[in-house]
Amino acid sequence: MTGTTECSVAPALSELVTDFLDQVWNQGRTDLADRYVAADLIQHNPCLPDGREPLIQLIDGLRQRFPLARFLIRRMAAQGDLVFAHSLFTTGPDDRGIAVIDVFRIADGLIAEHWDLRESMPETSVGGRDIL
């Protein structure tokens, strides 16, 4: 991609991921997952098999247990066909949460591949700074 094209594409890809996290995860609208996620999603999370359906089942099950679960995006970047989201995931107002870095590869307007890293939010840090 040229710099000009990449700059014009990046906001659209970031918006796709932002809308996915808000609509499907935060609002539990898994009925909209086909607008955001490819049916043959390649999943690098070691706890999930490939495909959109296992992801929908995970979200539905998690939201059934934790109806207030949500991602709060702190920062996002895009390069080429990749979108990186650095978020705080919480299951409710009393949960310190988990810092999450998601990497999404977008193809044909849908999330086609996903990687993620998670770390529980510590109460303190040696440097005195929040990990988010």
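Note: hydrogens, waters and symmetry copies are ignored here, and every other heavy atom, side chains too, is used.
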Same cluster for [X] and [Y] if Ile/Leu/Val/Met/Phe/Trp/Tyr side chains link at under 4.5 Å?
{"X": "Leu58", "Y": "Val100", "answer": "yes"}
{"X": "Trp115", "Y": "Val83", "answer": "no"}
{"X": "Leu41", "Y": "Phe84", "answer": "no"}
{"X": "Val103", "Y": "Trp25", "answer": "no"}
{"X": "Phe20", "Y": "Leu110", "answer": "no"}

Just jot down the side chain to side chain contact (heavy atoms under 4.5 Å, CB included) partners of Ile42, sequence neighbours excluded, or say none.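 For Ile42, the residues satisfying side chain to side chain contact (heavy atoms under 4.5 Å, CB included) (neighbours in sequence not counted) are His44, Asp50, Arg105, Glu113.
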Test of understanding: with side chain to side chain contact (heavy atoms under 4.5 Å, CB included), list the residues that count as partners of Thr30, not counting sequence neighbours.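 By the side chain to side chain contact (heavy atoms under 4.5 Å, CB included) rule, Thr30 matches Val24, Ile56, Ile59, Asp60.
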Let me confirm one number: the [atom1]-[atom2] distance from [X] to [Y], rounded to the nearest 0.5 Å.
{"X": "Arg63", "Y": "Arg29", "atom1": "CZ", "atom2": "CZ", "result": "11.5 Å"}
{"X": "Tyr36", "Y": "Leu55", "atom1": "OH", "atom2": "CG", "result": "13.5 Å"}
{"X": "Phe66", "Y": "Asp95", "atom1": "CZ", "atom2": "CG", "result": "8.0 Å"}
{"X": "Leu72", "Y": "Phe89", "atom1": "CG", "atom2": "CZ", "result": "10.0 Å"}
{"X": "Asn26", "Y": "Asp19", "atom1": "CG", "atom2": "CG", "result": "11.0 Å"}
{"X": "Asp108", "Y": "Asp81", "atom1": "CG", "atom2": "CG", "result": "10.5 Å"}

For the pair Arg70 (side chain) and Thr90 (backbone), establish whether a donor and an acceptor sit closer than 3.5 Å, ignoring hydrogens and angles.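 Between the backbone of Thr90 and the side chain of Arg70 there is no qualifying donor-acceptor contact (under 3.5 Å).
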Expected output: side-chain Arg52 to main-chain Val37 donor-acceptor under 3.5 Å: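 The answer is yes, because a donor-acceptor pair under 3.5 Å joins these two groups.
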Mark yes when over 12 heavy atoms from residues, nucleotides or ligands other than Arg75 sit less than 6.0 Å from its CZ; otherwise mark no.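 Result for CZ/Arg75: enclosed.
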Could you tell me which residues satisfy salt bridge (charged side-chain N to carboxylate O under 4.0 Å, His left out) with Arg74, sequence neighbours excluded, listed by chain and number?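 Testing Arg74 for salt bridge (charged side-chain N to carboxylate O under 4.0 Å, His left out), a comparison that skips the adjacent residues, returns none.
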Any heavy-atom pair between the side chains of Phe104 and Leu16 that's under 4.5 Å?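 No; the side chains remain at least 4.5 Å from each other.
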Any heavy-atom pair between the side chains of Ile106 and Val17 that's under 4.5 Å?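 The answer is yes, as the side chains (C-beta and beyond) meet within the 4.5 Å cut-off.
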Over all atoms of both residues, closest heavy-atom pair of Pro49 and Gln43: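 For Pro49 and Gln43, the tightest heavy-atom pair comes out as O-CB, 3.7 Å.
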